[in-house]
J.: 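Quick one: structure below, then a few questions.
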Amino acid sequence: MAAGPEPPEWEPRWRKALRGKENKGSVEIMRKDLNDARDLHGQAESAAAVWKGHVMDRRKKALTDYKKLRAFFVEEEEHFLQEAEKEEGLPEDELADPTERFRSLLQAVSELEKKHRNLGLSMLLQ
């Protein structure tokens with residue numbers, strides 16, 4: 001008879017015991033890896049939930065700031081239009097020089113633009 005691998009039923013008991021310990025160790029390692037993976041997954045989900053909350057808070061703040069800016073611009077536009085109407089209502093002798101009137105309107109527009117820029121930057125930096 002040729003010497004070959006022994007059938008499992010004829011395998012010595014000590015060899016079966018060793019093979020069982022190896023398998024048991026592998027299963028325990030795999031079980032530990034699985035538990036570690038579950039823990040990491042739970043941590044990742046928690047971190048994602050926290051970041052989602054931060055994003056939502058920032059989104060709400062940005063929307064609130066946008067609404068404030070928009071209201072401010074509407075108010076400033078109304079103020080500017082009222083000022084322009086006042087100037088239009090002045091008697092002709094006070095508006096004799098159209099270049100001077102044009103300069104004053106440009107200056108008023110420039111001042112409003114500066115206010116808007118400064119307000120916009122201060123609201124964004126808050």
J.: Please list, chain by chain and in numerical order, all residues satisfying side chain to side chain contact (heavy atoms under 4.5 Å, CB included) with Glu76, sequence neighbours excluded.
T.: Phe72, Leu112, Lys115, His116
J.: List the residues meeting salt bridge (charged side-chain N to carboxylate O under 4.0 Å, His left out) with Glu77, not counting sequence neighbours, and say none if there are none.
T.: none
J.: Is the shortest side-chain N to carboxylate O distance from Glu83 to Lys86 below 4.0 Å?
T.: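 A salt bridge links Glu83 with Lys86.
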J.: Look up atom NZ in Lys61 and atom CG in Asp65, then write down how far apart they are to the nearest 0.5 Å.
T.: 4.0 Å
J.: Report the hydrophobic cluster partners of Leu106, with the cluster defined as I, L, V, M, F, W, Y residues connected by side-chain heavy atoms closer than 4.5 angstrom, directly or transitively.
T.: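 Its cluster mates, by chain and number, are Phe102.
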J.: Do Val109 and Glu113 have side chains that get closer than 4.5 Å, going by heavy atoms?
T.: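 Val109 vs Glu113: side chains touch.
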J.: What residues, two or more places apart in sequence or in another chain, satisfy side chain to side chain contact (heavy atoms under 4.5 Å, CB included) together with Arg70?
T.: Tyr66
J.: What residues form a salt bridge (charged side-chain N to carboxylate O under 4.0 Å, His left out) with Lys52, not counting sequence neighbours?
T.: none
J.: Give every residue pair that meets the salt bridge (Lys or Arg N to Asp or Glu O under 4.0 Å) criterion with at least one member in residues 37-51, sequence neighbours excluded.
T.: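 Applying salt bridge (Lys or Arg N to Asp or Glu O under 4.0 Å) to every pair that reaches into residues 37-51, excluding sequence neighbours, yields nothing.
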J.: Among all residues two or more places apart in sequence or in another chain, which pass the salt bridge (charged side-chain N to carboxylate O under 4.0 Å, His left out) test with Asp36?
T.: Lys32
J.: State the NE2-CZ distance between His54 and Arg58, to the nearest 0.5 angstrom.
T.: 10.5 Å
J.: Which Ile, Leu, Val, Met, Phe, Trp or Tyr residues join Val55 in one cluster when any pair of side-chain heavy atoms under 4.5 Å counts as a link?
T.: none
J.: Among residues at least two apart in sequence or on other chains, which ones pass ring-ring contact (aromatic ring centres under 6.0 Å, His included) with His41?
T.: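 Not a single residue meets the ring-ring contact (aromatic ring centres under 6.0 Å, His included) criterion with His41.
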